[in-house]
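From a predicted model like this one, the values you see are computed outputs, not experimental measurements. Any value given below was found using the heavy atoms of this structure, including those in side chains, with hydrogens, waters and symmetry copies removed.
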Amino acid sequence: MTATDSVIAGGVAQLEGTMASAMIQSVQQQLPGLTSGAGTMETSFDHYAPMTGPSRSRQRSGPNPFDGAEYLLRLHRHV
């Protein structure tokens, strides 16, 4: 996360910045514990940025639609 602005006034702390969309759910889950249930979080999409580090990959969970023969064979088995 990159903080761009922070203000503490009247017993309220406000932090503004940017973070990867993959981090948002984790921060939202930690917020109640970090703020004794009093914290709120607002998010909005700002921009696309190139991914850094190694590319993520996972095995396909279903038939590959780009392999027509395999796709039709596996699709037929699930019917």
Tabulate below the donor-acceptor pairs under 3.5 Å that side-chain atoms of residues 37-49 make, not counting sequence neighbours, or state none.
none

According to the ring-ring contact (aromatic ring centres under 6.0 Å, His included) rule, which pairs have a member within residues 8-33, sequence neighbours left out?
-> none
Show me, pair by pair, the donor-acceptor contacts under 3.5 angstrom made by side chains of residues 6-25, not counting sequence neighbours?
residue: Q14; atom: NE2; partner: E16; partner atom: OE2; Å: 3.1

With sequence neighbours excluded, residues passing side-chain hydrogen bond (donor to acceptor under 3.5 Å, both in side chains) with T2 = none
Listed partners of E70 passing side-chain hydrogen bond (donor to acceptor under 3.5 Å, both in side chains), at least two apart | R74
Test side chain to side chain contact (heavy atoms under 4.5 Å, CB included) applied to P65 - qualifying residues, sequence neighbours left out = R60, Y71
